[in-house]
Amino acid sequence: VDLKRNYVAIFVLEQKTKVLQKDIDKFELILSKMSSYYDHLFLKKTILVKAPLCSKAKEKLKQNSWKVYHVFS
């Protein structure tokens, strides 16, 4: 919950392989299950990615209102 009392979903993803479009579908499925379990809508969706990201997957995330942050180390 943020300061404005909105529910925020934050996903942290670290993997060696490239993140593909099919992975995005899995994130959306997890988010829908979380929404039904907690009986709340997540107004803000954020993903921290430490992996190569397919351009089509990145576009799909943006279309579904995700904020994407690349984490480098």
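All heavy atoms count here, side chains included; hydrogens, waters and symmetry mates do not.
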*In chain order, what residues pass the salt bridge (charged side-chain N to carboxylate O under 4.0 Å, His left out) check against Lys58, with sequence neighbours excluded?*
none
*Any donor-acceptor pair under 3.5 Å linking the side chain of Lys45 with the backbone of Asn64?*
yes
*Any residue meeting salt bridge (charged side-chain N to carboxylate O under 4.0 Å, His left out) with Lys18, in chain and number order, not counting sequence neighbours*: none
*Under the side-chain contact (heavy atoms from CB on, under 4.5 Å) criterion, do Gln63 and Glu59 qualify, and how do the steps go?*
CA-CA 6 Å; Gln63 287 175 354; Glu59 185 63 33; 3.9 Å; yes
*Do you know which two heavy atoms are closest between Gln15 and Ala51, and how far apart they sit?*
O-CB, 3.3 Å
*What residue pairs, at least two apart or across chains, pass ring-ring contact (aromatic ring centres under 6.0 Å, His included) with a residue in residues 36-56?*
Tyr7-His40
*Once you round to the nearest 0.5 Å, how far does CE of Met34 lie from CG of Leu29?*
11.5 Å
*Passes side-chain contact (heavy atoms from CB on, under 4.5 Å), Trp66 versus Glu28? Steps please.*
CA-CA 10 Å; Trp66 286 82; Glu28 290 291 334; 2.5 Å; yes
*Check against side-chain contact (heavy atoms from CB on, under 4.5 Å), Val19 and Val49*: CA-CA 9 Å; Val19 180; Val49 180; 4.2 Å; yes
*asked:* Which heavy atom of Leu31 sits nearest to which heavy atom of Ala9, and what is that distance?
replied: CD1-CB, 3.5 Å
*Between atom CG of Leu41 and atom OG of Ser32, what is the distance when rounded to the nearest 0.5 Å?*
11.5 Å
*Honestly curious: do Leu13 and Leu61 fall in one hydrophobic cluster under the side-chain, below-4.5 Å linking rule?*
yes
*Run the side-chain contact (heavy atoms from CB on, under 4.5 Å) check on Asp23 and Lys26 step by step: do they pass?*
CA-CA 5 Å; Asp23 299 324; Lys26 293 177 188 176; 4.0 Å; yes
*Give the minimum heavy-atom separation between His70 and Leu53, together with the two atoms involved.*
NE2-CB, 3.6 Å
*Check the hydrophobic clustering (I, L, V, M, F, W, Y; side-chain heavy atoms under 4.5 Å; chains of links allowed) and say if Ile30 and Val8 are grouped together.*
no
*Should Leu43 and Tyr69 be regarded as members of a common hydrophobic cluster, given that ILVMFWY residues are connected when their side-chain heavy atoms come within less than 4.5 Å of each other, either directly or indirectly?*
no
*Compare every heavy atom of Asn6 with every heavy atom of Lys44, then report the nearest pair and how far apart it is.*
CE-ND2, 4.3 Å
